[in-house]
K.L.:
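I'd like to ask some things about the structure below.
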Amino acid sequence: MASVATTSAPARRPGVVLAVLTFVYILNFLDRQLIGILAKPIQDALQITDGQLGLIGGLYFAMFYCFIAIPIGYLADKTNRVGVLSLACAIWSGATVACGLANTYAQLVVARMLVGFGEAGGVPPSYAIITDTYPPGQRGSAFGIFNMGPAIGAAAGVASGAAIAERFGWRMPFIVVGAIGIVTAGLVWLIVREPARGTFDMPIADTVDKARFWPTLRMFFSNPTLMLAALGSGATQFVTYGLGNFAVLFLMRDKGMVLREVAVWYALVLVVGMAGGMMLSGRIIDRMAQTSRAGYAIAPAASLAIAMPFYIAFVWAPGWPLALALLTVVMIFNYFYLSASVALVQEEVRPDQRVLSGALLLLVMNFIGLGLGPTWVGFASDWFKAHGSALYLQSALYTLTPFYLIAIALFVTLARRLGREVRP
């Protein structure tokens with residue numbers, strides 16, 4: 001990809017660009033979530049434990065997803081971001097097909113690592129393309145739409161994955177989704193044009209396309225604002241990924257749902273709750289940030305404080321209808337952090353540092369959340385089972401509650417810091 005031309009043109013048809021990038025993000029998250037959606041039939045077929053399932057969905061995936069994102073982010077800052085995105089989509093989609101062909105746990109682990117390798121190049125280039133396509137004041141809403149990708153991807157994965165798996169077995173959803181992704185990779189290259197870097201920013205002499213790798217890393221990790229946003233997001237994702245990778249298994253094992261009920265009702269919860277929360281958060285964040293940059297932190301802190309008691313009630317709920325009603329509220333308020341943190345980081349750094357800074361944000365928050373959250377829940381479930389708990393997965397999900405408090409504390413600290421800033 002280093003040989004891809006770096007030509008930049010003014011962004012055209014921003015709505016089309018945003019729609020294509022959002023669809024790629026839908027596939028990115030759909031591929032990632034299929035393991036959690038199909039957890040029970042995969043466990044039955046390959047005879048794996050909750051702990052092994054947590055490693056596939058968490059640490060094994062995140063080792064590639066998080067750390068490969070850094071060199072890919074740097075490469076995209078130097079070359080054609082659309083080309084990097086297109087190639088990444090092709091890689092993770094091919095690896096998704098390989099997941100469906102795996103016959104052993106080891107083969108599934110390798111395929112999942114390759115999915116993580118490809119998906120590492122999906123989101124950071126998209127962040128920068130959107131930032132150079134939409135001006136300040138519209139980016140929160142644009143990121144709110146883009147960040148509906150996880151919600152739609154998760155809902156589509158539940159609906160289609162569960163329905164296809166019930167009829168054709170758990171392997172077929174991986175193969176179908178992977179094939180769609182391979183076709184989409186080509187469409188990205190044909191439809192999306194590379195926008196000019198820094199289109200809506202004040203000109204910075206002799207800096208565009210000259211960002212350096214190590215100075216950008218030092219800048220990111222020495223900037224308290226960026227680190228508080230990343231750590232607060234990571235603590236939040238510890239909850240969201242820890243829950244997300246085991247939610248379907250929990251609803252089926254402990255709440256009595258079956259795949260066809262999951263395909264309808266859990267998918268509906270994701271659409272209404274998660275997607276609704278993304279849209280709502282984008283608009284609220286844009287309004288609050290116009291008054292004070294502290295809004296980028298106040299919004300996620302307040303939303304998590306609302307979500308926490310509903311999460312506890314969801315885990316406790318005796319039946320799946322009540323559990324899903326409570327989970328809808330949790331989904332609405334769990335995801336305010338994402339648009340806020342992404343918009344804040346993209347506005348905090350120079351145009352030529354945006355892809356790498358977005359990758360560093362993902363590194364921190366995804367290694368904590370995606371890497372450790374599902375791993376924690378899986379091993380906690382195995383631990384409670386070994387110590388005689390009848391509802392061992394329920395007990396493991398309760399242990400995510402303190403991470404709400406950690407995330408709230410980090411975002412409150414960030415809000416105070418942003419509130420003290422004096423900016424030109």
K.L.:
Above 12 or not: heavy atoms from other molecules or residues under 6.0 Å from NZ of K255?
P.N.:
yes
K.L.:
Between Y25 and F146, how do the two ring planes meet: parallel, tilted or perpendicular, split at 30° and 60°?
P.N.:
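It falls in the parallel class, under 30°.
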K.L.:
Quick one: are I56 and I48 in side-chain contact, heavy atoms under 4.5 Å?
P.N.:
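They are in contact (side-chain heavy atoms under 4.5 Å apart), so the answer is yes.
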K.L.:
Could you tell me whether the side chain of L243 reaches within less than 4.5 Å of the side chain of Y311, counting heavy atoms only?
P.N.:
yes
K.L.:
What do you reckon, is CZ of F117 surrounded by more than 12 foreign heavy atoms closer than 6.0 Å?
P.N.:
no
K.L.:
Checking side-chain polar atoms at under 3.5 Å, does Q47 have a donor or acceptor matched by the opposite partner on Y105?
P.N.:
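Short answer, no.
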K.L.:
Salt bridge check, D31 against R112: does any charged N sit closer than 4.0 Å to a carboxylate O?
P.N.:
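Salt bridge absent between R112 and D31.
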K.L.:
Quick check for you: to the nearest 0.5 Å, what is the distance between K385 atom NZ and L391 atom CG?
P.N.:
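Separation between the atoms: 12.5 Å.
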K.L.:
Closest heavy-atom contact between L400 and G242?
P.N.:
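Reported closest heavy-atom pair: CD1-C, 3.9 Å.
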K.L.:
Working to the nearest 0.5 Å, report the span between CD of E194 and CG of D132.
P.N.:
8.0 Å
K.L.:
Can a donor-acceptor pair be found between the side chains of D50 and Q43 at a distance below 3.5 Å?
P.N.:
yes
K.L.:
By the definition side chain to side chain contact (heavy atoms under 4.5 Å, CB included), identify the one residue from L101, N103, V176 that meets it with R171.
P.N.:
N103
K.L.:
With rounding to the nearest 0.5 angstrom, report the CG to OG distance, L85 to S126.
P.N.:
4.5 Å
K.L.:
Would you say CZ of F384 has more than 12 non-hydrogen atoms from neighbouring residues, nucleotides or ligands within 6.0 angstrom?
P.N.:
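Atom CZ in F384 is crowded, with more than 12 foreign heavy atoms closer than 6.0 Å.
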K.L.:
Under a plain distance cut-off of 3.5 Å, with no hydrogens placed, do Y404 and N334 share a side-chain donor-acceptor pair?
P.N.:
yes
K.L.:
Check the surroundings of atom CH2 in W376: do more than 12 heavy atoms from other residues, nucleotides or ligands lie under 6.0 Å from it?
P.N.:
no
K.L.:
Would you compute the distance between atom CE of M219 and atom CG of L360 and round it to the nearest 0.5 angstrom?
P.N.:
7.5 Å
K.L.:
Please tell me whether Y337 and Q237 have a donor and an acceptor in their side chains that are separated by less than 3.5 angstrom.
P.N.:
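There is such a pair between these side chains.
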K.L.:
Between atom CD of E166 and atom CZ of R260, what is the distance when rounded to the nearest 0.5 Å?
P.N.:
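Answer for the CD-CZ pair, E166 versus R260, is 6.0 Å.
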K.L.:
Do the ring planes of W170 and F174 sit parallel (below 30°), tilted (30 to 60°) or perpendicular (above 60°)?
P.N.:
perpendicular
